[in-house]
Amino acid sequence: MLMFLKKKKIFEKFKKKIPIICITSYTAPIAKIADKYADIILVGDSVGPVLYGFDSTRKVSIDLILQHAKAVVRQAKKSMVIVDMPYGTYERDARLAYKNAKKIISETGADAVKLEGGEKIFDIIAFLIKKKINVMGHIGLLPQKYSGKYPVYGRKKNEEKKILDDLSFLERAGAFSVVVECTVEPIVKKLMKNSNIPIIGIGATSDCDGQVLVAEDLLGLTDFNAKFLKKYSNLDMIISQAFEKFSTDVVKRKFPQKKNYYK
Ligand code: KIV
């Protein structure tokens with residue numbers, strides 16, 4: 001589906017107050033399933049901690065995310081695919097940000113990129129949009145700022161003003177949507193009142209226009225635990241049981257059976 005149709009669909013939901021579904025995917029099998037249910041598939045830089053065991057999203061390179069984005073785009077028939085711009089690829093220089101964003105879009109066929117920050121990267125986002133790159137913002141808790149434990153956003157004195165300003169800068173720069181991460185309820189309510197673009201929340205209350213979770217977290221495949229996370233499955237246990245059964249069958253020579261042989 002063309003980008004403008006996907007964007008139209010998302011804005012129709014936004015106007016009608018129908019929640020927007022966003023699921024992360026880094027691999028073809030997960031993307032194929034996510035595409036049936038999601039409006040947006042996010043190839044997040046959470047790929048680093050989740051698939052590679054990195055202690056921070058900062059270690060994700062552009063080459064690494066490109067490979068995952070290509071796998072996801074091949075499977076996504078209807079969802080909008082958004083790719084995180086890795087740490088160090090966009091923050092300092094608008095021309096470098098454009099070179100990298102263009103590489104992500106042209107080499108993968110993704111629909112948009114996501115950048116962390118608001119006011120600080122206003123010029124960069126405005127430049128990307130002028131160059132016809134679709135941009136999603138990300139405010140509140142910014143994972144690229146941390147390694148290890150993430151704090152909740154909004155409990156410090158100046159944070160409310162900062163996030164409201166960030167939202168307003170993103171809107172003025174032309175971002176079509178924004179992720180708000182791990183932010184306290186009273187501030188999310190204010191953001192929702194002040195916003196003209198869809199706000200996709202993660203740890204940011206059910207007031208948001210949509211919700212995103214990391215697929216492997218919601219499937220119960222990671223050890224990640226946070227107050228905001230609901231595990232909708234226990235894939236860890238399901239996979240363990242399957243591997244245990246396989247290993248027992250092999251030891252007892254119950255697998256392979258005749259039906260698995262080539263004659
Ligand atoms: O990298 C990621 O998966 C994200 C989501 C958690 C929003 O940015």
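None of these values were measured; they are calculated from a predicted model. Whatever order the structure lists ligands and atoms in, that order sets their numbers, starting from 1. Any value given below was found using the heavy atoms of this structure, including those in side chains, with hydrogens, waters and symmetry copies removed.
In this model, a donor atom of one side chain and an acceptor atom of the other lie less than 3.5 Å apart for Tyr26 and Ser46. Checking Asp217 against Thr222 by side-chain atom types alone, a donor-acceptor pair falls below 3.5 Å.
With a heavy-atom cut-off of 4.0 Å, Val47 does not touch ligand 1 at all. Residue-level proximity to ligand 1 for Asp45 is carried by backbone and side chain together, each with a heavy atom below 4.0 angstrom.
In this structure, CG on Asp39 lies 9.0 Å from CD1 on Ile23, to the nearest 0.5 angstrom. In this structure, Leu167 CG and Glu119 CD are separated by 12.5 Å, a value rounded to the nearest 0.5 Å.
For the pair Glu181 and ligand 1, the shortest N or O to N or O distance does not fall below 3.5 Å. Note: an N/O pair closer than 3.5 Å links Lys114 and ligand 1 by distance alone.
Ligand-side atoms of ligand 1 in range of His138: 8 (O), range being under 4.0 angstrom from any heavy atom. Ligand-side atoms of ligand 1 in range of Thr24: 3 (O), range being under 4.0 angstrom from any heavy atom.
At most 12 non-hydrogen atoms from other residues, nucleotides or ligands lie less than 6.0 angstrom from CZ of Phe246.
Leu42 CD2, 3.7 Å is the protein heavy atom nearest to atom 7 (C) of ligand 1.
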